[in-house]
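Single-structure report; data block below.
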Amino acid sequence: MATLLHDAVMNPAEVVKQRLQMYDSPHRSALSCIRTVWGTEGLGAFYRSYTTQLTMNVPFQSIHFITYEFLQEQINPYRGYNPQSHIISGGLAGALAAAATTPLDVCKTLLNTQENMALNLANVSGRLSGMANAFRTVYQLNGLPGYFKGVQARVIYQMPSTAISWSVYEFFKYFLTKHKLENRTPY
């Protein structure tokens with residue numbers, strides 16, 4: 001449920017971010033991008049990649065959490081507060097999840113940006129919609145390697161992000177639990 005709600009709120013922001021990042025983007029600010037997309041493509045443009053986003057985030061989070069827990073069992077079997085183990089486990093879990101879900105991210109980016117050059121090369125007229133169409137278009141343009149364009153950048157981005165997230169989470173869990181245990185009165 002958290003992923004459903006998160007993606008419903010964040011998908012429009014991702015559309016705006018990616019359109020601003022496109023080469024030779026016609027948009028000069030987030031607000032102008034929102035106005036232009038809303039005016040020319042409507043509300044649906046902000047959710048064109050929503051199912052792809054969900055399809056990517058559910059396995060990403062699953063792989064991420066399972067890998068983190070597995071690595072913690074290997075590196076930190078007593079589950080004590082160990083910043084080094086949290087950073088290593090978090091970074092590796094994020095890297096694996098990012099690499100495994102890169103094909104979905106590539107398709108989501110194509111749906112969000114509606115990149116003219118790619119659509120022209122694939123003989124797509126109008127707007128590209130739907131995950132299946134995005135997968136076909138990426139394959140048509142670049143074959144199997146096309147699904148992994150940007151995998152290194154995605155892994156490099158996710159490793160420190162997830163390492164930091166897990167280390168902060170584990171710190172506060174330790175701090176709050178320790179504080180709670182110290183202040184507990186015996187029965």
Side-chain angles (χ1 to χ4, degrees), residues 1-67 91 93-162 164-165:
M1 289 307 295
T3 299
L4 289 172
L5 181 59
H6 171 271
D7 289 354
V9 172
M10 295 308 296
N11 208 82
E14 183 74 6
V15 171
V16 172
K17 176 188 71 106
Q18 289 179 336
R19 290 198 182 203
L20 286 167
Q21 289 176 334
M22 288 173 49
Y23 173 74
D24 203 24
S25 174
H27 311 291
R28 298 296 163 230
S29 72
L31 193 54
S32 76
C33 181
I34 292 166
R35 284 187 193 127
T36 301
V37 171
W38 184 283
T40 59
E41 299 176 53
L43 178 65
F46 295 103
Y47 290 96
R48 191 175 287 126
S49 67
Y50 181 65
T51 55
T52 305
Q53 182 81 23
L54 285 174
T55 304
M56 178 180 70
N57 280 343
V58 170
F60 179 92
Q61 294 299 343
S62 299
I63 293 166
H64 178 198
F65 279 89
I66 290 168
T67 304
L96 181 63
T101 57
T102 294
L104 293 160
D105 192 49
V106 169
C107 292
K108 177 195 73 163
T109 300
L110 181 58
L111 289 169
N112 281 344
T113 60
Q114 298 291 312
E115 199 167 5
N116 286 331
M117 186 180 294
L119 297 180
N120 289 339
L121 286 171
N123 294 319
V124 173
S125 59
R127 305 264 178 238
L128 184 68
S129 64
M131 187 169 57
N133 287 331
F135 267 92
R136 275 192 292 277
T137 303
V138 169
Y139 186 79
Q140 179 184 350
L141 293 172
N142 295 304
L144 287 176
Y147 295 117
F148 292 93
K149 284 194 172 227
V151 69
Q152 291 168 331
R154 194 160 193 273
V155 166
I156 290 169
Y157 172 83
Q158 286 296 335
M159 279 184 82
S161 174
T162 52
I164 292 166
S165 293

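Closest approach of P12 and D7 over heavy atoms only: CD-O, 4.5 Å. Between L111 and Q114, the shortest heavy-atom contact is O-NE2, 2.8 Å. In terms of heavy atoms, R154 sits closest to T102 at CD-OG1, 3.5 Å. The two atoms that bring A122 and T137 nearest to each other are CB-CG2, 3.7 Å, heavy atoms only. The nearest pair of heavy atoms linking V37 to A45 is CG1-CB, 3.5 Å. Residue S49 comes nearest to N11 through the heavy atom pair OG-ND2, 3.2 Å, listed as atom of the first residue, atom of the second, then distance.
Between N112 atom CG and T52 atom OG1 the span is 8.5 Å, to the nearest 0.5 Å. Rounding to the nearest 0.5 angstrom, the gap separating the CE atom in M131 from the CZ atom in R48 is 15.5 Å. To the nearest 0.5 Å, atom CG of residue D105 and atom CG of residue L110 are 11.5 Å apart. In this structure, T40 OG1 and R35 CZ are separated by 13.5 Å, a value rounded to the nearest 0.5 Å. To the nearest 0.5 Å, atom NZ of residue K17 and atom OG1 of residue T109 are 7.5 Å apart. To the nearest 0.5 Å, atom CZ of residue R19 and atom OG1 of residue T36 are 9.5 Å apart.
Side-chain contact between M10 and Q53 is absent, with no heavy-atom pair separated by less than 4.5 Å. Side-chain atoms of H64 and Q158, non-hydrogen and from C-beta on, never get closer than 4.5 Å to each other. When side chains are defined from C-beta on, L128 counts as touching L119, because their heavy atoms get closer than 4.5 Å. For the pair Y147 and N142, the minimum side-chain heavy-atom distance is 4.5 Å or more.
Judged by distance alone, with hydrogens and angles left aside, the side-chain atoms of S161 form no donor-acceptor pair with the main-chain N or O of Y157 at under 3.5 Å. With hydrogens and angles ignored, the 3.5 Å screen pairs a side-chain donor or acceptor of Y47 with a backbone N or O of A8. Between the side chain of Y50 and the backbone N or O of L4 there is at least one donor-acceptor pair closer than 3.5 Å.
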Without placing hydrogens or testing angles, list every side-chain donor-acceptor pair under 3.5 Å for residues 27-34, not counting sequence neighbours.
residue: R28; atom: NH1; partner: S25; partner atom: O; Å: 3.0
residue: R28; atom: NH2; partner: S25; partner atom: O; Å: 3.3
residue: S29; atom: OG; partner: S32; partner atom: N; Å: 3.1
residue: S29; atom: OG; partner: S32; partner atom: OG; Å: 3.4
residue: S32; atom: OG; partner: S29; partner atom: N; Å: 3.3
residue: S32; atom: OG; partner: S29; partner atom: O; Å: 3.0

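With sequence neighbours excluded, no residue forms a ring-ring contact (aromatic ring centres under 6.0 Å, His included) with F148.
Within a 6.0 Å radius of CD in E41, more than 12 heavy atoms belonging to other residues, nucleotides or ligands are found. Heavy atoms from other residues, nucleotides or ligands lying under 6.0 Å from OH of Y139 number 12 at most.
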